[in-house]
Amino acid sequence: MDFAQNENMNGIRHSWNILPANRADQARCIVPVGSLYTPLKEIPNLITLNYEPVVCKTCRGILNPFARVEYRTKTWTCPLCFDTNSFPPSYSGITEQTPPAELHPSFTTIEYKLISKQSLAPPPVFLLLIDTCLLEEEMRALKDTILQSLNLIPENSLIGLITYGATVQVYELGFKECSKAFVFRGDKESTLEQVIDQLGLKQSYYQQQQPNNMMNKNQQQQGNMNTTMMMMNNPTTSGANRFILPLSECPQLMDIIEELQCDPWPVKNGRRPRRCTGIALSIATSLLEATYKGFGSRIISCVGGPCTFGEGEIVGLELSEQIRLHNDLRSGKATHFKKASEYYKKITQRLVTNGHVFDIFAANLDQVGVLELKTCCEHTGGVMVLTDTFENPIFKESFLKFFETSENAPDQLKMGLNATIEIQCSNEIKICGVLGPVTSMNRKTNHVADNLIGEGNTNAWKINAIHPNTTIAVYYDVVNQQLPQQTFNQPSIRCFQYVTAYQHTSGEYRLRVTTQSLGCAQPNRFDEIGQGFDAEASTALIARLSVYKAETEYLFDVLRWLDKSLIKICSRFGSYQQNDANSLVLPPQFSIFPQFLFHLRRSQFLRVFNSSPDETAWFRLILNRETTMNSITMIQPALYSYSFTEPPHPVELDATSVKPNAILLLDTFFSVLIHNGETIAQWREAGYQNQPKYEYFAKLLELPKEDAKVIIKDRFPYPRYIECDQLSSQARFLIAKINPSITHRDTYGQQGGTIVPTDDASLQVFIDSLKKLAVQQQ
């Protein structure tokens with residue numbers, strides 16, 4: 001089975017492409033039944049239809065290629081609930097020779113433009129939330145990057161500006177005469193009503209509310225839309241355009257940003273600056289709630305340090321007070337953590353309800369409070385970038401790539417806003433939940449399972465921002481107790497439908513529908529089930545589930561659960577003779593799966609040693625939103641070798657792959673590293689690449705750099721780029737990732753490899769132990 005092809009055509013990978021027959025067989029399969037779905041996957045030749053979809057009257061499923069159609073009676077049978085529906089009058093001309101596009105077998109993913117939305121949504125709103133408690137050089141680098149990004153944002157996009165330090169300044173961009181800002185206290189939270197009153201936004205806020213009071217629930221969004229369009233087209237009727245303007249109408253914004261100064265509040269020796277991040281975020285949320293509630297808007301926060309002042313405080317002002325570490329969190333000594341987390345959760349609920357997004361670009365050598373802020377970012381679909389300084393290319397390139405536009409439409413950004421995802425499936429399947437950047441809409445239907453995972457107890461989720469790589473993990477439960485039914489000697493199938501409604505950056509409301517069908521094996525036929533096993537998708541699903549468990553359970557328990565699961569899988573699907581470890585043979589589909597889990601156990605997602613709580617939160621957030629292949633790269637980094645004797649090729653992530661006469665290229669997703677062998681480094685230092693007769697050596701040095709540029713070009717966040725030599729200090733980034741097949745305890749086999757100073761077990765020891773335990777299973 002070509003799993004990658006299905007992902008390219010539909011944006012979906014399944015752990016089991018042949019499903020277990022019943023609940024008992026599913027329990028014996030160990031690996032959860034699930035899928036990884038990328039709602040905004042860039043699909044070649046995607047069909048977009050300019051009319052409303054045909055919906056099943058019973059289950060709300062949408063017409064798709066798996067429906068059975070009676071062209072004579074103009075009816076169709078839904079493959080999800082098997083109910084019969086009539087086609088609308090507009091379909092009266094369809095025939096078997098001229099079917100509608102929805103029924104074409106190759107159009108399992110299709111997109112609709114919702115023409116029922118009579119007015120377009122406003123352009124996307126970007127509210128800049130800038131921390132001014134920075135050093136001069138940091139402030140200069142931040143301002144330069146923001147000014148560059150203004151040249152990339154489409155001119156019709158709406159933009160606003162808030163800065164904060166000891167106080168919060170909301171800039172009135174509509175005031176042309178000079179720079180004007182409304183100042184809020186940083187030590188006292190302002191309610192929504194207080195912000196509306198001080199900024200003079202009562203009229204615009206109540207104009208949004210009045211239609212909602214007069215219309216029923218299904219008409220509220222249309223009322224909001226018409227009101228907002230009226231506000232945009234008639235500046236005299238609303239105060240919203242005083243603070244949030246189209247970029248083309250506020251040329252003074254560049255001057256305001258250029259004139260920004262570091263926070264003037266004095267900082268005493270031995271103390272941190274007063275930084276009211278929590279209050280600033282609350283005011284930014286209130287501003288958008290009062291002006292663009294229900295429409296795609298993003299709060300883009302540039303944070304240079306932890307919140308030390310007001311609500312949401314992460315650490316105190318005194319430098320003698322250390323910011324919380326993992327040991328403090330485990331022992332309950334993180335004094336500010338619980339209160340700050342609860343505060344940001346309340347803001348998260350407001351952001352989700354309003355359809356707004358919170359993005360974080362953090363830069364500091366120390367922690368900035370990303371762990372507490374994570375909930376605001378993750379549950380709204382926002383992005384997070386973490387680095388050490390605003391001068392670092394990781395921040396600069398990531399911030400600029402954030403505003404990347406489509407190649408086919410240069411005025412449209414590569415993102416969807418204010419989206420919802422709804423999943424329908426066959427009656428034999430129920431939904432346990434979703435792990436990813438979503439929030440449950442608490443819409444409980446017959447498709448909801450009792451076993452909850454992540455955001456569960458629903459079949460619909462809110463995701464306020466989606467990007468081409470945004471991926472959610474959906475976990476299912478096989479609930480039927482009977483044998484799968486077969487008709488006409490055809491294997492039974494189970495259908496899944498993913499419906500994503502979102503606001504396109506052009507202002508259109510679109511609906512993307514992806515329908516999948518999977519075969520179902522006979523009871524106790526694990527050989528049939530194993531043929532549809534996708535090791536990469538299964539690893540990504542298990543990795544997210546492990547991280548989810550690690551948030552609330554001890555790491556030892558999570559690792560023990562992983563080990564037990566792997567032993568049971570090998571025992572179930574492998575062939576062996578009892579108590580003979582050497583006889584164990586895994587099917588080809590499972591051969592690389594133990595290796596993936598070995599590297600997952602050693603990864604930064606589960607082992608927090610040498611990572612701060614902020615870094616751990618960042619790593620886990622990225623894992624929970626990336627595609628299958630990107631997740632695999634994070635878990636088991638890709639390693640490529642370049643030498644004189646062989647063309648560039650991938651090699652094992654092992655200590656034996658490190659050779660003096662070879663160059664290695666390591667891609668961990670978060671970093672891209674070029675490692676020069678000891679001999680290569682000596683030749684380079686001798687300057688051989690500058691001599692004409694060693695031109696081939698110069699080309700060898702450049703080849704991995706060119707490949708690294710290709711990797712970096714399409715990566716978000718921008719990875720850290722490292723060039724190092726064997727035995728140098730930065731070679732530790734490679735040593736930490738490779739399999740320690742040669743350690744300081746070994747006295748042999750050091751030729752053709754490098755020593756890894758660790759007490760961790762090697763992959764071979766891990767596999768030997770796995771075989772020994774797997775063949776003992778009854």
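- Using a 4.5 Å heavy-atom cutoff, the side chains of Val370 and Met384 are in contact.
- In this structure, CD1 on Ile431 lies 12.0 Å from CD1 on Ile453, to the nearest 0.5 angstrom.
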### Query
So Thr515 and Asn10, side chain to side chain contact (heavy atoms under 4.5 Å, CB included) or not? Walk me through it.
CA-CA 8 Å; Thr515 311; Asn10 298 293; over 6 Å; no
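- Residue Arg620 comes nearest to Ala550 through the heavy atom pair NH2-CB, 3.8 Å, listed as atom of the first residue, atom of the second, then distance.
- Looking only at atom types and distance, the side chain of Thr38 has a donor-acceptor partner in the side chain of Thr471 under 3.5 Å away.
- Salt bridge present: Arg510 and Glu508 bring a charged side-chain N and a carboxylate O closer than 4.0 Å.
- For Lys338, the NZ atom sits in a loose shell: 12 or fewer heavy atoms of surrounding residues, nucleotides or ligands are nearer than 6.0 Å.
- When only modelled atom types and interatomic distance are considered, Ser506 and His504 share a side-chain donor-acceptor pair under 3.5 Å.
- In this structure, the ring of Tyr509 has its center no less than 6.0 angstrom from the ring center of Tyr502.
- Taking CG of Leu36 as the reference point, atom CD of Glu536 lies at 11.0 Å (rounded to 0.5 Å).
- With a 6.0 Å radius and a threshold of 12 heavy atoms from other residues, nucleotides or ligands, Glu553 has its CD atom above the threshold.
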### Query
When you look at Thr98 and Thr95, which way does the side-chain hydrogen bond (donor to acceptor under 3.5 Å, both in side chains) test go after all the steps?
CA-CA 5 Å; Thr98 58; Thr95 64; 2.7 Å; yes
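- Looking only at distances, a side-chain donor or acceptor of Asn85 sits under 3.5 Å from a matching main-chain atom of Asp83.
- There is a side-chain donor-acceptor pair under 3.5 Å between Thr500 and Tyr37.
- Between Phe590 and Trp16, the angle of the ring planes lies from 30° to 60°, which puts this pair in the tilted group.
- With rounding to the nearest 0.5 Å, the separation of CD in Gln497 from CD1 in Ile62 is 5.5 Å.
- The two residues Ser301 and Phe358 make their nearest non-hydrogen contact at CB-CE1, 3.5 Å.
- Salt bridge annotation for Glu7-Lys41: absent, with no cationic side-chain nitrogen under 4.0 angstrom from a carboxylate oxygen.
- Between the Ser440 side chain and the Asn442 main chain, a donor and an acceptor come within less than 3.5 Å of each other.
- Annotation: Glu96, atom CD; neighbour count of heavy atoms from other residues, nucleotides and ligands within 6.0 Å does not exceed 12.
- Side-chain contact between Ile43 and Asn8 is absent, with no heavy-atom pair separated by less than 4.5 Å.
- Salt bridge annotation for Lys345-Glu378: absent, with no cationic side-chain nitrogen under 4.0 angstrom from a carboxylate oxygen.
- Panel note: side chain Asn17, backbone Gly532; a donor-acceptor pair is recorded below 3.5 Å.
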### Query
side-chain hydrogen bond (donor to acceptor under 3.5 Å, both in side chains) between Ser286 and Arg350: does it pass, once the steps are laid out?
CA-CA 9 Å; Ser286 296; Arg350 294 175 59 191; 2.9 Å; yes
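- For the ring-ring contact (aromatic ring centres under 6.0 Å, His included) with Phe533, the lone residue among Phe3, Phe593, Phe573 that qualifies is Phe593.
- Side chain to side chain, Thr109 and Tyr498 fail the donor-acceptor criterion of an N or O pair below 3.5 Å.
- Leu606 has its side chain within reach of Leu555: a pair of non-hydrogen atoms, C-beta onward, lies under 4.5 Å apart.
- Listed for the Ser297 side chain is a donor-acceptor partner under 3.5 Å among the backbone atoms of Phe295.
- No more than 12 heavy atoms of other residues, nucleotides or ligands shown are found within 6.0 angstrom of NZ on Lys346.
- Heavy-atom minimum distance, Gln26 versus Pro20: N-CB, 3.7 Å.
- A salt bridge does not link Lys430 with Asp477: every distance from a Lys NZ or Arg NE/NH1/NH2 to an Asp or Glu carboxylate oxygen is 4.0 Å or more.
- Distance check: Phe716 CZ to Phe669 CZ gives 9.5 Å after rounding to the nearest 0.5 Å.
- Formation of a donor-acceptor pair under 3.5 Å by the Trp461 side chain with backbone atoms of Glu455 is found in this model.
- Using a 4.5 Å cut-off on side-chain heavy atoms (C-beta onward), Ile466 and Met415 make no contact.
- Smallest separation of non-hydrogen atoms from Thr439 and His379: OG1-O, 2.9 Å.
- No hydrogens or angles considered: nothing links the side chains of Thr628 and Ser631 as a donor-acceptor pair under 3.5 Å.
- Put simply, the side chain of Asn354 never gets that close to the backbone of His356: no donor and acceptor are under 3.5 Å apart.
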### Message
Between Lys374 and Trp618, is the side chain to side chain contact (heavy atoms under 4.5 Å, CB included) condition met? List the steps.
### Response
CA-CA 8 Å; Lys374 175 186 173 184; Trp618 181 50; over 6 Å; no
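- Proximity of Thr539 to Ile632: side-chain heavy atoms (C-beta onward) are separated by under 4.5 Å at one or more points.
- Ring pair Tyr51/Tyr112 is perpendicular by interplanar angle, where above 60° counts as perpendicular and below 30° as parallel.
- The local environment of OH in Tyr71 is crowded, with over 12 non-hydrogen atoms from other residues, nucleotides or ligands closer than 6.0 Å.
- Taking the centre of each ring, Tyr476 and Phe496 come in below the 6.0 Å mark.
- Side chain of Glu52 to main chain of Ile115: a donor-acceptor pair is present (N/O by atom type, distance under 3.5 Å, no hydrogens or angles).
- Side chains of Leu19 and Ile429 form a contact here, defined as non-hydrogen atoms less than 4.5 Å apart.
- Under a 3.5 Å cut-off, the side chain of Lys57 and the backbone N or O of Thr84 do form a donor-acceptor pair.
- The nearest pair of heavy atoms linking Cys56 to Cys78 is SG-CB, 3.8 Å.
- In summary, of the residues considered (Gln516, His14, Arg13), a side chain to side chain donor-acceptor pair (under 3.5 Å) with Asn6 occurs for Gln516 alone.
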### Query
Do Ile300 and Phe402 pass the side chain to side chain contact (heavy atoms under 4.5 Å, CB included) test, and can you show the C-alpha distance, the side-chain angles, and the key distance before you say yes or no?
CA-CA 10 Å; Ile300 304 176; Phe402 177 77; 3.7 Å; yes
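- Residue Leu46 holds its CG atom at 8.0 Å from CD1 of Ile110, rounded to the nearest 0.5 Å.
- Side-chain contact check for Pro437 versus Asn624: every heavy-atom pair is 4.5 Å or farther apart.
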### Message
Checking Val499 against Ile421 for the side chain to side chain contact (heavy atoms under 4.5 Å, CB included) test, could you report, in this order, the C-alpha distance in whole Å, the side-chain angles of both residues, the deciding distance, and whether it holds?
### Response
CA-CA 6 Å; Val499 181; Ile421 298 175; over 6 Å; no
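- Looking only at distances, a side-chain donor or acceptor of Ser603 sits under 3.5 Å from a matching main-chain atom of Leu600.
- Within the model, atoms NZ of Lys462 and CG of Leu351 stand 10.5 Å from one another, a figure rounded to the nearest 0.5 Å.
- A side-chain donor-acceptor contact under 3.5 Å links Ser15 to the backbone of Gly34.
- The heavy-atom pair separating Glu528 from Gln522 by the smallest distance is OE1-N, 3.4 Å.
- Using a 4.5 Å cut-off on side-chain heavy atoms (C-beta onward), Ser341 and Thr375 make no contact.
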